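One structure follows; several queries about it will come next.
Quick caveat, the model's predicted, so the values are computed rather than measured.
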Amino acid sequence: RRGFEGLAHFQRLLNDELGYEIVEHEDTVTVRSRRFTGESFLAQRFSAEMMVVGFYRLIRHISVHARPECVSFEYPAPAYAAEYKRVLGDVVRFDQPFTGLVFDRALLDMPAPHKDDDVREVLQALAERRLLRIMQRTPYALRVRDLLVRQGGPIRADMSTVARSLGLSVRSLRRRLSDERKPYGEVANEALAIIAKHLLREKRRTIQETAYEMGFSDPSTFHRAFKRWTGTTPSAYQEAQQDKTVRR
């Protein structure tokens, strides 16, 4: 359990965002992969593979006899599906409701096999310092944009909600964005552009479907907003993406 808690706390040393969620049930634990707006299908599949294998190895490290009860993937079996079963066993399933794995909850309370508190304290202090340096270097405009992109959907987080998520007051966040010469509205529009492009490109949504999914009452309003965000129209953007696909 402490290993999972530490991984979540120091995740930023490995990736920008926490790519999973852990749900405890009465007898089992589910580790479920999260999806991020803007990722291509191949990037999502690669992230899913790395996440699942990482947790599988962590479970085996705690107990060599431990095995997940099931390992599931949302997408169809790829051409190299045999490798999944070679690494993860016969419990692998494709075309499932979620990507992740399920294991016995009792494993959370097992002690680490090579426990050394002195080494752990030294490594934890080092990780804390490195995490602090990373957070201090990341511009607030990028942090705000990433929060808004992760949210997606038609419901927009207001500035107070975003500030609270970053542990700041609205006044402090506004001042930091001003120092970076990036007004909140500009950052929000960048996030909306990323979400819209993702829906048009990766999700293969029509312009009308994208407009409604993003909370616009009619496509013409979305058309004007998209052009304001990106400098081009939704139809021109789709055509450009299709041309890229044909050239590839």
Side chain proximity check, Leu101 to Ser72, heavy atoms < 4.5 angstrom: no
Thr30 vs His25, side chain to side chain contact (heavy atoms under 4.5 Å, CB included): CA-CA, chis, key distance, verdict: CA-CA 8 Å; Thr30 299; His25 310 286; 3.0 Å; yes
CG on Leu142 to CG on Leu147, rounded to 0.5 Å: 10.0 Å
N/O donor-acceptor pair under 3.5 Å between Arg171 side chain and Leu168 backbone: no
Donor-acceptor contact present, side-chain Ser178 to main-chain Arg174, <3.5 Å: no
Worked verdict on Arg130 versus Phe10 for side chain to side chain contact (heavy atoms under 4.5 Å, CB included): CA-CA 9 Å; Arg130 291 186 175 179; Phe10 294 112; over 6 Å; no
For Leu148 against Ala191, the heavy-atom pair lying closest together: CB-CB, 3.6 Å
Set of side-chain hydrogen bond (donor to acceptor under 3.5 Å, both in side chains) partners for Arg45, sequence neighbours left out: Tyr80
By side chain to side chain contact (heavy atoms under 4.5 Å, CB included) - contacts of Arg86 (at least two apart): Glu83
Beyond-backbone contact of Gln238 with Pro234, side-chain heavy atoms, under 4.5 angstrom: no
Qualifying salt bridge (charged side-chain N to carboxylate O under 4.0 Å, His left out) pairs, either residue in residues 180-195, two or more places apart: Lys182-Glu186, Lys182-Glu190
Side chain to side chain, Val162 and Leu173, heavy atoms closer than 4.5 Å: yes
Set of residues satisfying side chain to side chain contact (heavy atoms under 4.5 Å, CB included) with respect to Arg164, sequence neighbours excluded: Thr161
Pairs meeting criterion salt bridge (charged side-chain N to carboxylate O under 4.0 Å, His left out) with involvement of residues 216-232, two or more places apart: none
Rounded distance (nearest 0.5 Å) linking atom OG1 of Thr232 with atom OH of Tyr237: 10.0 Å
Flag side-chain contact, heavy atom, 4.5 Å: Asn189 against Tyr184: no
Spacing of OG belonging to Ser220 relative to CD1 belonging to Ile207, to within rounding of 0.5 Å: 11.5 Å
Short side-chain to backbone donor-acceptor contact, Thr99 and Glu74, under 3.5 Å: yes
Tyr20/Phe55 aromatic ring centres below 6.0 Å: yes
Residues that Ala77 engages under side chain to side chain contact (heavy atoms under 4.5 Å, CB included), provided they are two or more places apart: Ala81, Phe94
Shortest non-hydrogen contact from Ala196 toward Thr210: O-CG2, 4.2 Å
Leu58 side chain reached by Phe4 side chain, heavy atoms, under 4.5 Å: yes
Shortest non-hydrogen contact from Pro219 toward Ala211: CA-CB, 4.0 Å
Flag for Ser235-Thr233: side-chain donor and acceptor within less than 3.5 Å: yes
ILVMFWY cluster membership beyond Phe46 - transitive side-chain contacts under 4.5 angstrom: Met50
Members besides Leu123 in its Ile/Leu/Val/Met/Phe/Trp/Tyr cluster (side-chain heavy atoms under 4.5 Å): Val119
Contact check, side chains of Leu200 and Phe226, non-hydrogen atoms, under 4.5 Å: yes
Linked hydrophobic residues, Phe98 as query - side chain contacts closer than 4.5 Å: Val102
For the student: nearest non-hydrogen atoms of Thr230 and Ala193, plus distance: CG2-CB, 3.8 Å
Straight-line distance of Leu107 CG to Ile59 CD1, nearest 0.5 Å: 6.5 Å
Interatomic spacing from CG in Leu166 to CZ in Arg176 - rounded to 0.5 Å: 9.5 Å
Within 6.0 Å of CG in Asp90, more than 12 heavy atoms from elsewhere: no
Euclidean distance, Ser63 OG relative to Phe103 CZ, rounded to 0.5 Å: 12.0 Å
Side chains of Leu108 and Val29 in contact at under 4.5 Å (non-hydrogen atoms): yes
Leu42-Phe73 co-clustered via ILVMFWY side chain contacts under 4.5 Å: yes
Asp109: partners by salt bridge (charged side-chain N to carboxylate O under 4.0 Å, His left out), with sequence neighbours left out: Arg1
Any residue meeting salt bridge (charged side-chain N to carboxylate O under 4.0 Å, His left out) with Arg32, in chain and number order, not counting sequence neighbours: Glu21
Side chain to side chain contact (heavy atoms under 4.5 Å, CB included) involving Glu209 - partner list, sequence neighbours excluded: Arg205, Thr206
Heavy-atom side-chain contact between Val91 and Glu69 under 4.5 Å: no
Evaluation steps, side chain to side chain contact (heavy atoms under 4.5 Å, CB included), between His65 and Arg60: CA-CA 7 Å; His65 302 295; Arg60 295 296 306 279; over 6 Å; no
Other residues, nucleotides, ligands: >12 heavy atoms within 6.0 Å of Arg57 CZ: no
Evaluation steps, ring-ring contact (aromatic ring centres under 6.0 Å, His included), between Tyr212 and Phe222: CA-CA 9 Å; Tyr212 292 151; Phe222 170 68; 9.7 Å; no
Joint hydrophobic cluster, Val31 plus Val23, side-chain heavy atoms closer than 4.5 Å: no
Flag for Tyr75-Gln44: side-chain donor and acceptor within less than 3.5 Å: no
